Undergrad: 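Got a structure for you, written out below as structure tokens; questions coming shortly.
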Amino acid sequence: MRIIGTGSALPKKVVTNEMIAQFLDTSDEWISTRTGIKSRHVITDEKLEDLGAEAVMKALEMSGLQASDIDLFIASNVVSEYGTPGISCVVAAKVGLNCPMFDINCACPGFVYALDMAEAYYKAGKVKNVLIACIEEPTRMVSWEDRSTCVLFGDGAGAVVLTEGDNIKGTKLHSEPDIDKIWMTRALTDSPYVTVKEPDVALQMKGREVFRFAVNACTNGVKDLLDEVGIKKEDVSWFMVHQANKRILDAIVDYMKVPQERCPMNIQDHGNSSSASCPILLDECNRKGMFKKGDIIVFSAFGAGLLSGAAVIEW
Ligand code: COA
């Protein structure tokens with residue numbers, strides 16, 4: 001497949017580190033030196049599906065396709081207000097899509113997993129045009145009384161439209177199932193047959209262990225994938241790495257021995273927007289005109305699960 005359109009949408013409200021320090025025992029100094037984050041977009045009264053619809057419409061507009069041209073819609077989302085239907089259906093109803101669609105919940109690497117699936121459907125001869133939208137509101141998963149998690153995240157949506165082509169050169173997905181490192185739970189409705197009350201638990205994370213997983217999974221995943229497809233890292237034009245923490249990105253740049261400028265970052269303005277992070281970064285770089293035909297772009301992302309994945313495409 002080949003990406004022919006990108007789009008993104010962000011909540012209007014920008015929350016700086018200083019604003020958080022007004023109600024939590026934290027500081028701009030701590031947050032920016034540990035994470036690289038200065039501010040993030042935070043959902044207020046907007047609806048997540050409206051952000052999703054905006055990102056989708058922008059990607060469709062750039063692609064030159066209509067909603068009716070799309071054969072498959074894959075939405076990546078960790079949580080939304082809807083238990084059912086999936087956010088794919090909620091967004092589809094807004095933008096007039098009526099193709100087969102489904103949600104995936106692969107946490108932060110969702111975009112890479114969706115690319116892998118889009119390519120598999122295409123190679124099976126089942127689709128010609130695919131829409132992927134990663135639509136996330138992690139600021140509604142954290143406790144805003146927990147300084148160790150709430151400062152890290154931001155909300156947003158990123159979308160891509162793909163059509164026929166052999167520009168996805170390879171994907172590599174990886175898992176190390178472990179639900180103890182990043183997790184949250186939501187209570188379900190009461191039932192007379194369930195006697196143990198399930199608690200609502202906001203996002204919990206073992207930061208240092210996730211940091212280690214992220215660096216290993218990303219560096220090994222990218223190296224293995226490039227070896228598999230026979231592309232040298234020197235020939236990669238851009239490394240689009242999940243924007244979780246600037247120190248993770250620095251560690252990857254260091255380990256991979258690639259120039260910093262080939263690893264674009266927007267974490268300072270967005271924080272970690274889960275699976276939306278890669279497509280938002282892609283759209284921002286694309287709209288700045290950074291990519292030229294033939295550029296090799298590597299995506300790499302990691303997160304809860306623990307899951308990680310990498311994809312390499314030609315622009
Ligand atoms: N402001 C001030 N102090 C804070 C703080 C905040 N926002 N958050 C945590 N602290 C404190 C801790 O309470 C701890 O204090 P103590 O030493 O008195 O107990 C101290 O800072 C160090 O905490 P620690 O968690 O060990 O810090 P760290 O250097 O590991 O940095 C992360 C924390 C979360 C920034 C870092 O581990 C990280 O980025 N991990 C990866 C997270 C990630 O990317 N998750 C998403 C993957 S998709």
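This structure is a prediction, so every number in the text was calculated from the model and none was measured. We count ligands from 1, going down the list as the structure has it; atoms in each ligand are counted the same way. All residue numbers refer to positions in the sequence shown, counting from 1.
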Undergrad: Check each of Leu307, Thr26, Ile248 against atom 1 (N) of ligand 1 and report the one with the nearest heavy atom.
TA: Thr26
Undergrad: Between Asp269 and Lys38 (salt bridge meaning N to carboxylate O under 4.0 Å), is one present in this structure?
TA: no
Undergrad: Nearest protein heavy atom to atom 29 (O) of ligand 1, by residue and atom, and its distance?
TA: Arg34 NH1, 2.7 Å
Undergrad: Report, in ascending order of atom number, the atoms of ligand 1 lying under 4.0 Å from any heavy atom of Val210.
TA: 43 (C), 45 (N), 47 (C)
Undergrad: In terms of residue, atom name and distance, what is the protein heavy atom nearest to atom 30 (O) of ligand 1?
TA: Arg208 NE, 3.0 Å
Undergrad: For atom 11 (C) of ligand 1, state whether the nearest protein heavy atom is under 4.0 Å away.
TA: yes
Undergrad: Looking at atom 14 (C) of ligand 1, is any protein heavy atom nearer than 4.0 Å to it?
TA: no
Undergrad: Is there side-chain contact between Glu176 and Lys181, with at least one heavy-atom pair below 4.5 Å?
TA: no
Undergrad: Under a 4.0 angstrom heavy-atom cut-off, which atoms of ligand 1 come close to Cys108?
TA: 48 (S)
Undergrad: Which of the numbered atoms in ligand 1 are under 4.0 angstrom from any heavy atom belonging to Gly303?
TA: 48 (S)
Undergrad: Using side-chain heavy atoms (C-beta onward) and a distance below 4.5 Å, is Trp315 in contact with Asn167?
TA: no
Undergrad: Is atom 19 (O) of ligand 1 close to the protein, meaning a heavy atom under 4.0 Å from it?
TA: no
Undergrad: How far is atom 33 (C) of ligand 1 from the closest protein heavy atom, and which atom is that?
TA: Trp30 CH2, 3.9 Å
Undergrad: Would you mind checking which non-hydrogen protein atom is closest to atom 39 (O) of ligand 1, with the distance to 0.1 Å?
TA: Asn245 ND2, 2.4 Å
Undergrad: Write out the residue and atom name of the closest protein heavy atom to atom 41 (C) of ligand 1, then the distance separating them to 0.1 Å.
TA: Gly207 O, 3.4 Å
Undergrad: Please lay out, stage by stage, how Phe239 and Ile252 fare under the test side-chain contact (heavy atoms from CB on, under 4.5 Å).
TA: CA-CA 10 Å; Phe239 290 89; Ile252 291 162; over 6 Å; no
Undergrad: Does atom 25 (O) of ligand 1 have a protein non-hydrogen atom under 4.0 Å from it?
TA: no
Undergrad: Return the closest protein heavy atom for atom 46 (C) of ligand 1 as residue, atom name and distance.
TA: Asn272 ND2, 3.5 Å
Undergrad: Quick one: do Ile267 and Ile280 end up in the same hydrophobic cluster if we chain Ile, Leu, Val, Met, Phe, Trp and Tyr together by side-chain heavy atoms under 4.5 Å apart?
TA: no
Undergrad: Just go through Arg247, Gln243, Glu209, Arg147 and tell me whose heavy atom is the nearest to atom 36 (C) of ligand 1.
TA: Arg247
Undergrad: Going by an N to O cut-off under 4.0 Å, is there a salt bridge joining Asp190 and Lys197?
TA: yes
Undergrad: If I compare all heavy atoms of Ser80 with all of Ile87, which pair ends up nearest, and what's the gap?
TA: CB-CD1, 3.9 Å
Undergrad: With a 4.0 Å cut-off on N to O distance, would you call Lys47 and Glu81 a salt bridge?
TA: yes
Undergrad: Short list, please: which atoms of ligand 1 are under 4.0 Å from a heavy atom of Thr35?
TA: 35 (C)
Undergrad: For Tyr121 and Val130, what are the C-alpha separation, side-chain angles and deciding distance, and is it a side-chain contact (heavy atoms from CB on, under 4.5 Å)?
TA: CA-CA 9 Å; Tyr121 268 81; Val130 178; 5.5 Å; no
Undergrad: Among protein heavy atoms, which lies nearest atom 34 (C) of ligand 1, and at what distance?
TA: Leu152 CD1, 4.0 Å
Undergrad: Please name the pair of heavy atoms, one in Cys278 and one in Ala301, separated by the smallest distance, quoted to 0.1 Å.
TA: SG-CB, 4.5 Å
Undergrad: Going by an N to O cut-off under 4.0 Å, is there a salt bridge joining Glu49 and Lys94?
TA: no
Undergrad: Between Asp250 and Arg247, does any side-chain N to carboxylate O distance fall below 4.0 Å?
TA: no
Undergrad: So for ligand 1, is Ser27 a polar contact partner (N or O within less than 3.5 Å, distance only)?
TA: no
Undergrad: Give me the nearest non-hydrogen protein atom to atom 45 (N) of ligand 1 as residue plus atom name, then the distance to 0.1 Å.
TA: Met205 SD, 3.1 Å
Undergrad: Within a distance under 4.0 Å of any heavy atom of Ala244, pick out the atoms of ligand 1 and give their elements.
TA: 44 (O)
Undergrad: Within ligand 1, which atoms have a heavy atom of Phe302 less than 4.0 Å away?
TA: 48 (S)
Undergrad: Can you list the other members of the hydrophobic cluster that holds Trp183, where links are side-chain heavy atoms under 4.5 angstrom apart?
TA: Val201
